[in-house]
Peer 1: 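First the structure, then my questions, so here it is.
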2 protein chains.
Amino acid sequence: MQGAFNRDDLLEQLARSIFTGEYAPGEFLPREVDICHTYNVSRSTARSALQTLADTGILVRISGQGTRVRDPREWQLLDPRVTHWLTLYSEAGQFYMQDLLDFRASVEPFVTMEAATRASAADLHAIEDALSGMEAAWHTSHAGRIDPLFDVFDVAFHEAVYAATHNVIWTQLSHVLKPIILAQVARTNRTTDSLLESVACHRRVFEAIRLRERRQAGEATQAMLDRTAADLATNAVAF
Amino acid sequence: MQGAFNRDDLLEQLARSIFTGEYAPGEFLPREVDICHTYNVSRSTARSALQTLADTGILVRISGQGTRVRDPREWQLLDPRVTHWLTLYSEAGQFYMQDLLDFRASVEPFVTMEAATRASAADLHAIEDALSGMEAAWHTSHAGRIDPLFDVFDVAFHEAVYAATHNVIWTQLSHVLKPIILAQVARTNRTTDSLLESVACHRRVFEAIRLRERRQAGEATQAMLDRTAADLATNAVAF
DNA sequence: GGTTGCCAGTATGTCCGACATACGTTATTT
DNA sequence: AAATAACGTATGTCGGACATACTGGCAACC
């Protein structure tokens, strides 16, 4: 427990403790001094990590009282680190995971339509590269062994689409949604057949964007999301 | 300059210096020690404020090198504090203000449609309260003296609509957009006639949500935004 | 009896001085 | 000339001390 704990390590540990539910909303965390002893760091380091968690709305620190976990409604879910911790440490139905999934499902068709209108040549290139990566990863996948790169390129595809809107807000939202999307594709792409289907769906989205067909882009995205949802529903039985 | 500077004061000062362009992207900030002397605080306090700005992607701190302003593309615009500073200290066309305005204009019709589907009785009550507040503020306004409460209730109306989606992401996005919306309504609502028109537009949106008319809600919102845009265009000459 | 005010206990906020670590530059060596 | 060592500089971490803010209990007072 005691070897080489720096600020970032401590931050990760504390986040894990909170997101796993070890410290529930409303509960107090140990005092700064106790944290220092537990993780073998100085008070400066402990305070630094605690402050970061307070800045993201996860903790509230009151002088003379202590540090407690805030109501999850106050957590800044629009901070990529928060969604990262959420997907990494939290249970599926915990906190606001479902809201993130719903949000992604409801806005992505719209995002793709925006991309169809605004995508530049460079954007199309980036999207196509991700698509090529998916195809390559399909070729290197076997029945029992899916190439892990497939998921990486899958996520890259979606990030490239968000970036193609040429709006910083959508681009940054893609960073927030990235952990969510990654968790979802990781559970969806399980068989080589599924991978091939996925590539086909993504290609239809890309083609619509390339041809600047707004409505078609939206529909293709909706179809892609529906397929993912159906795939997750069948896989859910396996768990 | 030297009286009673605590961490939050320093944070605000540094943010102001950056967002006004005093320290441009890529430039170095003064050393921690220099900041201590300038604002008469200890190094702990200075480091605390600097770390917060680093956490929001505004600054990058490299050991042995110094602290410099990051590329605005890296700034976490999805943090309400960032958009607050942006509207408060930055020039109109600076940084990513336009992206925020475009984003709001493009998503708000969709948000209203979601609200029309999901709004509960309590949500409708909150929206109607804001509408009532706007009307009351119109009554207490005279030709030369607009009641400042009108803008407050105007913003409250929009926040209530975002909250009515029953999705945390949209709710938190409303906090991000709040400074932007406030700045926009403050420039739009200038005459009593304009106020009356605004109330009418907002009421049409509310009625559509109440009747669960998705498409009508979207169209009413679009009309409202168009009116705002037109109003801003005519007012722009006055500046 | 109920309210007010004082006081100790506790935890965070701030300060100071020191050393460790990382980066960039310069000087040295091969 | 290239690789390496030494040095200056700025951030990262440490330890201890005092300041400030919240809580709760006790006592004085109306």
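Source: prediction; values computed, not measured. A note on names: the letters A, B, ... follow the listed sequences, proteins ahead of strands, and every chain is numbered from 1.
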Peer 1: Name the closest nucleotide to the B:Ser44 side chain, picking from C:dC16, C:dT12, D:dT13.
Peer 2: C:dC16
Peer 1: Quick one: do B:Arg118 and B:Glu114 make a salt bridge, cutoff under 4.0 Å?
Peer 2: yes
Peer 1: Report the relative orientation of the aromatic rings in B:Trp170 and B:Phe110; use parallel for angles under 30°, tilted for 30 to 60°, perpendicular for over 60°.
Peer 2: tilted
Peer 1: Roughly, in whole Å, what's the span from CG in B:Asp8 to P in C:dT14?
Peer 2: 8 Å
Peer 1: May I ask you to verify if any side-chain N or O of A:Thr45 is less than 4.0 angstrom from the OP1 or OP2 atom of D:dC14?
Peer 2: yes
Peer 1: Check the distance between C:dT12's P and A:Arg68's CZ and give it to me in whole angstrom.
Peer 2: 12 Å
Peer 1: Of all the nucleotides listed (D:dT11, C:dG24, C:dT14), which has the minimum atom distance to the side chain of B:Ser63?
Peer 2: D:dT11
Peer 1: Let's see if you can work this out: which of C:dA11, D:dG12, D:dC22 has an atom nearest to the side-chain heavy atoms of A:Arg31?
Peer 2: C:dA11
Peer 1: Quickly work out the A:Asn40 CG to D:dC14 P distance and round it to whole Å.
Peer 2: 8 Å
Peer 1: Expressed in angstrom and rounded to an integer, what is the separation of B:Leu29 atom CG from D:dT11 atom P?
Peer 2: 9 Å
Peer 1: Quick check for you: among C:dT14, D:dC22, D:dT13, whose closest atom lies nearest to any side-chain atom of A:Asn6?
Peer 2: D:dT13
Peer 1: Given atom CZ of B:Arg7 and atom P of C:dG13, what is their separation to the nearest angstrom?
Peer 2: 9 Å
Peer 1: Has the side chain of A:Arg43 got a donor or acceptor atom sitting under 3.5 Å from an opposite partner on the base of C:dG13?
Peer 2: yes
Peer 1: Can you tell me the distance, in whole Å, between the CG atom of B:Asp55 and the P atom of D:dT11?
Peer 2: 16 Å
Peer 1: Between P on C:dT12 and CG on A:Leu53, what's the gap in Å once rounded to a whole number?
Peer 2: 14 Å
Peer 1: Please confirm whether the ring centroid of A:Phe19 lies under 6.0 Å from the ring centroid of A:Trp75.
Peer 2: yes
Peer 1: Thinking salt bridges, do B:Arg68 and B:Glu27 make one under a 4.0 Å N-O criterion?
Peer 2: no
Peer 1: Look at all strands and tell whether B:Arg47 reaches a base, only sugar-phosphate, or nothing, counting heavy atoms closer than 4.0 Å.
Peer 2: base
Peer 1: Does a salt bridge link B:Glu12 with B:Arg81, judged by any charged N lying under 4.0 Å from a carboxylate O?
Peer 2: no
Peer 1: Quick check for you: among C:dG24, C:dT12, D:dT11, whose closest atom lies nearest to any side-chain atom of A:Arg61?
Peer 2: C:dT12
Peer 1: So what does A:Ser48 touch, heavy atoms closer than 4.0 Å: a base, only the sugar-phosphate, or nothing?
Peer 2: nothing
Peer 1: Let me know the distance between CD1 of B:Ile35 and C1' of D:dA10, rounded to the nearest Å.
Peer 2: 12 Å
Peer 1: In terms of the nearest nucleotide of DNA chain D, which residue is placed more toward the 5' end: A:Val41 or A:Ile62?
Peer 2: A:Val41
